[in-house]
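Letters A, B, ... are given to chains in the order of the sequence lines, protein chains preceding strands, and every chain is numbered from 1.
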Amino acid sequence: MEIFWNTIARYNAATWRWQIVIVAAAVLLTLMLYRHPGKRVEQAMKLFLALLNVWIALVYYLVYGYERSYSNVMVLFWALMAVLWLYDLFAGTTHFRRTRRPGLLSMLLYLMPMIYPLFSLMRGLTFPMMTMPVMPCSVVVFTLGLMVAFTERINLFAVLYLGHWAFIGLAKVYFFGIPEDYLLAVSTIPALYLFFREYVRSDTNRNRKPDARVFNLLLTVICLVVGAFFMATLLPYLHPDLW
Amino acid sequence: MKTSEELTELLDFIAEYATYLLGSGVHTSRVVRNACRIGASQGVEVHLTTFQRTTILTLREEGNPQVVTQVVNIPHLPISFERNSDLSSLSWEAVDRRLPLSVIREKYRQLIARPRMDPIFVLLVVGLANASFCRLFDGDWIASGIVFTSTLAGFAAKQQLLKAGVNHFIVFILSAFIASLCASMSLRFDCTAETAIATSVLYLVPGVPLINGVIDIVEGHILIGCSRLINALLLILCIAVGLSINLLLIKGSLL
């Protein structure tokens with residue numbers, strides 16, 4: 001756990017200026033997607049996401065996180081995500097168009113990278129040994145926010161790949177003492193529910209088992225069970241005396 | 001005595017029926033039995049030889065000098081035991097109730113038009129099954145959870161790549177690599193990581209071709225049996241390649 005926080009401290013101390021630039025670019029591109037949507041802005045956002053994933057793979061894990069055991073797994077994981085965005089940039093499979101999904105959820109997911117540092121400060125952590133906006137979990141939650149707001153037809157693989165990272169966050173809460181990752185895991189559930197529900201609804205010539213109504217019910221039950229599981233794991237952390 | 005047109009019409013249907021069964025993961029002798037049963041219900045003999053990609057069917061009626069033969073491609077269809085069972089029942093119904101060809105064809109159309117399992121539902125169930133494998137091999141709960149989400153990612157990749165028409169050997173290599181890469185994250189935690197990595201690719205094991213290959217060989221259909229086994233073994237080799245690339249990069253510290 002000590003190595004984990006030390007690497008975070010070194011990363012933050014060395015890159016905080018770059019992180020400000022990256023956050024500014026993310027805000028600018030997101031605003032442009034809302035105000036002036038178009039092919040160029042869409043391509044700029046895809047390129048930005050690819051570079052952001054490369055940043056996490058190389059700068060966060062390979063340069064500053066090399067002390068952590070098996071950081072090479074993370075380098076590969078994020079490099080693969082970057083390749084996926086680069087492929088999308090040239091193949092044009094994802095289209096960033098405003099969706100009718102709840103704006104509140106996407107707004108919450110956008111804000112999550114900013115809530116992360118606030119959460120750390122509330123826990124009594126200080127700079128540089130604290131979570132910051134340009135970290136893997138923040139990138140996942142920002143990407144999910146973009147998908148909720150802008151992608152009508154989601155890339156299921158990308159969503160599940162990011163979802164995998166989000167659920168891994170739950171294990172990090174205990175092994176590395178980073179309760180901020182609860183925010184990621186919890187905020188992923190409604191996003192995944194929305195994606196799956198719309199994926200089923202968008203199948204217009206639906207001749208599948210179970211039917212859409214039963215499937216929706218099943219999704220709701222799964223999300224409730226996962227939510228209850230998260231609550232059950234969060235309670236001992238919040239009130240250790242009671243357990 | 002049937003006319004040439006009637007024999008051809010009957011052959012067309014039996015060829016479609018038999019290749020549908022073969023494409024849906026039925027072993028050869030069962031297909032032969034079902035096709036012969038439908039032929040018997042119409043008073044004709046059916047002779048069937050099958051290979052990995054094509055089937056040759058011949059129809060003859062006793063006392064009729066006309067014999068018709070057709071070579072048909074076997075389609076790639078999702079495996080469905082429920083549908084295979086329904087189609088086998090149809091052959092029994094045809095012979096028991098002496099159904100006319102038009103009725104058999106209508107029932108066949110209704111059966112194959114029935115809804116299939118939703119791919120997302122299959123995805124979730126496969127994830128749960130693979131996580132259960134992890135538990136069976138003494139993986140702990142954290143490892144099982146990681147295997148569940150790793151399988152979702154790997155299987156989603158497999159579904160999308162197959163839909164995009166990528167060669168299925170490459171699909172198996174990539175899916176195995178992605179699933180094992182995701183499962184490798186368990187190495188960071190104090191859990192049964194080796195079990196998680198090993199079981200993360202089990203969803204790719206081609207069980208149906210392996211079983212069908214063995215049954216075919218045992219029942220005398222040596223050629224198609226060997227073809228199926230070779231195909232299954234090549235897929236297993238692809239799984240091993242995907243897993244090995246990941247292990248070489250991570251455990252072998254090549255990166």
What part of [X] gets within 4.5 angstrom of chain B, counting heavy atoms only: side chain, backbone, both, or neither?
X	result
L162(A)	neither
L80(A)	side chain
F167(A)	side chain
F4(A)	side chain

Under 4.5 Å from any heavy atom of chain A - which part of L181(B):
both
Side chain / backbone / both / neither for S150(B) at chain A, heavy atoms under 4.5 Å:
both
State, to 0.1 Å, how close [X] and [Y] come at their nearest heavy-atom pair, and which atoms those are.
X	Y	value
Q160(B)	N155(A)	OE1-OD1, 3.0 Å
F157(A)	A156(B)	CA-CB, 4.0 Å
L152(B)	L160(A)	O-CD1, 3.6 Å
R208(A)	P119(B)	NE-CD, 3.9 Å
I250(B)	N72(A)	O-ND2, 3.4 Å

Under a 4.5 Å heavy-atom cutoff, which of G154(B), P115(B), G145(B) has the most pairs with chain A?
P115(B)
Test N246(B) against V73(A) for side-chain contact (heavy atoms from CB on, under 4.5 Å), laying out the working first.
CA-CA 9 Å; N246(B) 182 53; V73(A) 181; over 6 Å; no
Hey, could you give me the CZ/OH distance between R188(B) and Y70(A), rounded to the nearest 0.5 Å?
12.5 Å
Just verifying a value: how many Å separate I245(B) CD1 and L76(A) CG, rounded to the nearest 0.5 Å?
11.0 Å
Check: I222(A) and L124(B) side chains under 4.5 Å, non-hydrogen atoms:
yes
Would C182(B) and Y161(A) satisfy side-chain contact (heavy atoms from CB on, under 4.5 Å), going step by step from the backbone distance to the final call?
CA-CA 8 Å; C182(B) 290; Y161(A) 199 66; 3.8 Å; yes
